[in-house]
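Values below: all heavy atoms of this structure, side chains included; hydrogens, waters and symmetry mates excluded.
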Amino acid sequence: MAAPMLRGCCLGRCWALACIDSGSRHGRGAATGFTCSGKRGQSFVAQQPLLTAQKSRKGEHKWAAVVGLEIHAQIASNSKLFSGSQVHFAAPPNSLVSFFDASLPGTLPVLNRRCVEAAVMTGLALNCHINKKSLFDRKHYFYADLPAGYQITQQRLPIAVNGSLAYSVCVGKKWRQVITKTVRIKQIQLEQDSGKSLHDELRSQTLINLNRAGVGLLEVVLEPDMSCGEEAATAVRELQLILQALGTSQANMAEGQLRVDANISVHHPGEPLGVRTEVKNLNSARFLARAIDYEIQRQINELENGCEILNETRSFDYKLGCTVPMRDKEGKQDYRFMPEPNLPPLLLYDTASLPAGADPQQVINIDRIREQLPELPSETREKLIQQYGILPEHSFALLNEVGLLEFFQNVIKETRAEPKKVTSWVLNIFLGFLKQRNLAVNESPVTPSVLAELLNLLDRKVISSAAAKQVFEELWRSKGKTPSQIVSERKLELMQDEEALERVCHTVMEGHPQVVMDMKRGNPRAINKLIGLVRKVTHNRADPTVIKEILEKQLSS
């Protein structure tokens, strides 16, 4: 058998790998499950409370749900897994299809080096064992968008096995009640994507776009260690952040770069696991959580009504909020797995096993990739907490929005304001404006430099907090203006004339004798009312702290 060719996705060069015999199979670990306990808070992903489907009614047996995931991540590569065709989202239909992608007779696969490196890097980041020898297989099924009638994957011996993914979930109403859980990773394997079928109901026809056919995928198989939609969605979001940090996948779910299949079953604790169903092609963390929780409750209702759960594949109708049957679940025998005859085993090396005199560009060194691992999201969050003294939930929020952490750090570099104040402005005001207008961070008219200037004005007590918010609103409407210009034009500076402010306070106290009496009797709300009245008279240009000092001084005199 000829040695496989390992193709560099950018330079088009080839690397030869040795051919050795096949290895042993790896079986699935024991399935475990646990019930969700405690009051549910907000999910880091869905950002909304989720009902726990496993919760039983009084007098009934409790149910435990078991959830496992199969996650398909599109590898960030310029070309496909086994061909030189380019990869571009939303390219004209069938404009990025090679002879191999279309399965023309006589065409052979050439393995993309970038895809192999991405798989190794992802496996290392997820604490996996990297197999120095992995095998490719053919998985047969017949869909119109799969020209060859089979998919090249890794069924017998994948590139990485036995890893783990840690994620944090909220177990109470307060974000500070966060616990870390771990889900086992069975394996990570390389495989081809299929094309896309476009169904035209008006013309009663189906069109095929093969641009996606052959695009490299990482399939990450999570063991059934989760028990509800919220946990699954949070784990997927953490994996998404890891892939983006590594650069191995853009993991944009809206563009289909991250798709999830969920395997779900329910059973009574202490009894054998129930029959599972699979919900396919979930492309949103929010929909994933909803689909799993719905399917758990559906299965419980079916079993409690004396019905059976069918081993089937279902899809999630997000408009109706329910899962619907698609087809019977295929088994391994349906796919007729067989070794891929055109791809000998893939060999990887570490520093100890690297052949003497080997060209580093012609082999893949696991240890070299390990050295290149970037900082992972969990490490970044810990550094943010230690460096800036922010709360754990704020560290999650900064990482969960694309580009927000970089924005925050750039503001920090240019402002004298306290990190906690910067955090509050970025997460509450800045991010709030983005959400209201459905904008991404990179689409904001307010740059980090502009926000830093505004916070500097606030820190130097040039303006009040209320005035700062007015300036911020104006910055969204008046692109090109600086905070200082807006403050000057609208005369929002704090009053620096203390004598004038004392006269205003005296006038307000004379005009509201009853409030003054309440204040003398020790009513703490009375002074707040007087402060509000003074700020109203001064058009919010007076510092509340200074107002309070003057009022207390005049009251005691």
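Not counting sequence neighbours, the partners of Q386 by the side-chain contact (heavy atoms from CB on, under 4.5 Å) test are E382. Remark: N428 pairs with S424 by the side-chain contact (heavy atoms from CB on, under 4.5 Å) rule, at least two apart or across chains. With sequence neighbours excluded, the residues satisfying ring pair (Phe, Tyr, Trp, His ring centres under 6.0 Å) with Y318 are F287. For N127, the side-chain contact (heavy atoms from CB on, under 4.5 Å) partners two or more places apart in sequence, or in a different chain, are S164. Not counting sequence neighbours, the partners of S249 by the side-chain contact (heavy atoms from CB on, under 4.5 Å) test are A73, L243, A251.
In this structure a side-chain-to-backbone donor-acceptor pair under 3.5 Å is present from D293 to G229. Between the D225 side chain and the R184 main chain, a donor and an acceptor come within less than 3.5 Å of each other. Checked by atom type and distance alone, the side chain of N410 never pairs as donor or acceptor with a backbone atom of P448 at under 3.5 Å. With hydrogens and angles disregarded, a donor-acceptor distance shorter than 3.5 Å links the side chain of S395 to the backbone of P392. Side-chain atoms of Q74 never come within 3.5 Å of backbone atoms of Q257 as a donor-acceptor pair (strictly under, hydrogens ignored). R437 places a side-chain N or O within 3.5 Å of a backbone atom of F433 that can act as its donor or acceptor partner. Side chain of Q244 to main chain of Q250: a donor-acceptor pair is present (N/O by atom type, distance under 3.5 Å, no hydrogens or angles). For the pair N112 (side chain) and S79 (backbone), a donor-acceptor distance under 3.5 Å is present. A donor-acceptor contact shorter than 3.5 Å links the side chain of N211 to the backbone of S95.
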Exercise. Are V116 and L190 close enough, and set up right, to give a side chain to side chain contact (heavy atoms under 4.5 Å, CB included), and what steps lead you there?
Worked result: CA-CA 8 Å; V116 177; L190 284 164; 4.2 Å; yes
Exercise. Please walk me through it: do V441 and V402 pass side chain to side chain contact (heavy atoms under 4.5 Å, CB included)?
Worked result: CA-CA 7 Å; V441 173; V402 176; over 6 Å; no
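The stretch residues 450-459 participates, sequence neighbours left out, in these side chain to side chain donor-acceptor pair (under 3.5 Å) pairs: T415-N456, E453-S484.
Minimum heavy-atom separation, P158 to Q189: CB-CB, 3.9 Å. Contact record, I242 with A125: CG2-CB, 4.2 Å, taken as the closest heavy-atom pair. When every heavy atom of R114 is checked against every heavy atom of A76, the shortest pair comes out as NE-O, 2.8 Å. For T447 against F407, the heavy-atom pair with the smallest separation is C-CE1, 3.8 Å. Closest non-hydrogen pair, K481 versus L475, comes out as O-CD2, 3.5 Å. Closest of all the heavy-atom pairs between C128 and I188 is SG-CD1, 3.9 Å.
Separation of the F316 and Y294 ring centroids does not fall under the 6.0 Å cut-off.
Within the 4.5 Å cutoff, the side chain of L246 has heavy atoms near those of the P374 side chain. Residues T122 and I75 fail the side-chain proximity criterion, which asks for heavy atoms closer than 4.5 Å.
E406 CD: 12 or fewer foreign heavy atoms inside a 6.0 Å radius.
Checked against V236 for a side chain to side chain contact (heavy atoms under 4.5 Å, CB included), the options L258, L241, L282 give a single hit: L258.
Note on E238 versus R381: salt bridge recorded, some NZ/NE/NH1/NH2 to OD/OE distance being below 4.0 Å. Between E401 and K435 there is a salt bridge, with a side-chain nitrogen of the basic residue lying less than 4.0 Å from a carboxylate oxygen of the acidic one. A salt bridge is defined here as a Lys NZ or Arg NE, NH1 or NH2 lying under 4.0 Å from an Asp or Glu carboxylate O, and E474 with R477 meets this definition.
For the atom pair K383 NZ and E379 CD, the distance stands at 8.5 Å (nearest 0.5 Å). The distance from the CD1 atom of I364 to the CD atom of E117 is 5.0 Å, given to the nearest 0.5 Å. Within the model, atoms CG of L96 and NZ of K80 stand 6.5 Å from one another, a figure rounded to the nearest 0.5 Å. Interatomic distance, CG of L217 versus SG of C115, reported as 9.0 Å (0.5 Å rounding).
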